[in-house]
Amino acid sequence: MARLKPARLKVILGENNTEKLTLPNGIPESLDELHSKIKTVFGIEGNIRLQYMDRDFDNEFFNLNSTSELQDLGTIKVIQEQTNPPLNTANETTSSHLVSFDSDDNASLTSADTVIISSPESVSSRTQQWPEDFPVPKFSYDTELQLEKGNLEYHTSNKMLTVSSRVKSDILNRLAEQIYKYKAYPEDIHFCIVSEALIKKYPCLREPGSFNGCYGWKQRLKYKMGNYRTQLKLQGCPELSVNSLKSKAVTDAFPAKKVKRPKRAEANFYPSLPTGETLESLEKERLELLTEVRIRRNERVITGKMAHTFAYRRQEVVNQEPSIKDFKDRWPALFQQKEVIIKLKSIYVCFVYYMMCVVCFFFSFI
DNA sequence: AAGCGTTGCATGGCGGTTCA
DNA sequence: TGAACCGCCATGCAACGCTT
């Protein structure tokens, strides 16, 4: 059912992307109806959330809980909730938990292979998955000048560039920063990829004595990433502080045990809390979820709150490794059919991707 | 033969130190 | 100051031997 008076709305779909929506039968009475109308008209897939511009509050946007808030010629903003984005996007859904069973009723959650959805709002340093072709970053101006000059000399007289410690330091710094965008704990193969990308772009940096021309760079990068992690840890980077022996020693008799780091395909292993949120505010939201979960036909609210508390939930799993029973008691919504289906979809995507990698690896030998 | 526990080796992370 | 290195410790895996 809709109000019969035709209405028009300004719909903000994104930055520099605004459309006009004409509703011949007026503004729908139900929010679901408005959602499906917007999704159909603008071809949006997946879950969306709407905000409306409130003129009483200096034209700020507020969450739309009822279409009665809307008026003809009003403005709404569409926020896409990326609960199941494609594999290579920034909000990849591959943070995970392994369910291990010590005994029948004492199963616990540790970091490994069940997929949990990331919150689109949480701020994670881990924003992208490892790229197909590693992009060598731009170095400082003077380093770039020296490398260009070195490349020129390499092409004319096959002469290698003698790298000063300043240039080496700049190269390692920029590469470490670039690597960290994708992985805090890169594996051996990643160092190989990066060093090969480096000497491909700057052949003057090749090492004639090494079997592949870049073994030394690979080793340097390993050291650099270790030192870089130490540096970030000292600055309080939560993803790395979680493995600090000193902080673990407070609660753990064997602090060197269980280094908490991402497993295969994990992107948001230890995301930061959403901007402006604290542990207390998210705990409050968790308590609200306990109420919301008892309300029938409340999936939209639950999905939104679950996405919003994603980082808080991840930190709880990584830090405390709660038993499944405790975790289920604290987060009953996570075990609802819809959330489980979302996770299974993500597991399926990861599995297919993994199998493709295996097949590619196999065929590379044929 | 299958299952299980033990052992040894390779690899990797952390904290601290050395050295240019 | 930062790259490079060291020692300690943990994990993962394959090989091996023992038991059933």
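Here is the naming used below: chain letters follow the sequence lines, and residue numbers restart at 1 for every chain.
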Salt-bridge contact A:E283-A:R330 (side-chain N to carboxylate O under 4.0 Å):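 Salt bridge present between A:E283 and A:R330.
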Donor-acceptor contact present, side-chain [X] to main-chain [Y], <3.5 Å:
| X | Y | value |
| --- | --- | --- |
| A:R229 | A:A184 | yes |
| A:E207 | A:G216 | yes |
| A:S281 | A:E277 | no |

Shortest non-hydrogen contact between A:L172 and A:K224, atoms and distance: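 Shortest heavy-atom separation between A:L172 and A:K224 comes out as O-CG, 3.7 Å.
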Under 3.5 Å, which donor-acceptor pairs do the side chains of residues 190-198 of chain A form with other protein atoms, sequence neighbours left out?
residue, atom, partner, partner atom, Å
A:H190, ND1, A:E187, N, 2.8
A:S195, OG, A:F191, O, 2.8
A:S195, OG, A:C192, O, 3.1

Close side-chain approach of A:L34 to A:I38, heavy-atom, < 4.5 Å: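 SC-SC contact between A:L34 and A:I38 confirmed.
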Sub-4.5 Å side-chain heavy-atom contact between A:R8 and A:L21: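 No, too far: nothing below the 4.5 Å cut-off.
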Contact residues, residues 160-176 of chain A to DNA chain B [heavy atom, < 4.0 Å]: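 Contacts with DNA chain B under 4.0 Å: none.
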[X] [atom1] to [N] [atom2], straight-line distance once rounded to whole Å:
| X | N | atom1 | atom2 | answer |
| --- | --- | --- | --- | --- |
| A:L232 | C:dG2 | CG | C1' | 14 Å |
| A:K218 | B:dT11 | NZ | C1' | 11 Å |
| A:D188 | C:dT11 | CG | C1' | 16 Å |
| A:R220 | B:dC19 | CZ | P | 20 Å |
| A:H190 | B:dT11 | NE2 | C1' | 16 Å |

A:Q219 and A:Y223: side chain donor to acceptor below 3.5 Å: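 No - no donor-acceptor pair under 3.5 Å links their side chains.
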Quick one: side chains of residues 161-170 of chain A, donor-acceptor pairs under 3.5 Å with protein atoms, not counting sequence neighbours, listed by atom name and distance.
residue, atom, partner, partner atom, Å
A:S164, OG, A:V167, N, 3.2
A:R166, NE, A:D142, OD2, 3.1
A:R166, NH2, A:D142, OD2, 2.9
A:D170, OD1, A:R174, NE, 3.4
A:D170, OD2, A:S140, N, 3.0
A:D170, OD2, A:S140, OG, 2.9
A:D170, OD2, A:T143, OG1, 2.7

Global bending angle along the helix from B:dA1-C:dT20 to B:dA20-C:dT1, which compares the axes of five pairs at either end, to 10 degrees: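 The end-segment axes of the helix from B:dA1-C:dT20 to B:dA20-C:dT1 are tilted 20° relative to each other.
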Side-chain hydrophobic cluster, 4.5 Å single linkage: members besides A:L287: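 Reading the cluster by chain and number, A:L287 sits alongside A:L290.
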Contact list for DNA chain C against residues 221-229 of chain A - heavy-atom distance below 4.0 Å: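 Contacting residues: A:Y223, A:K224, A:N227.
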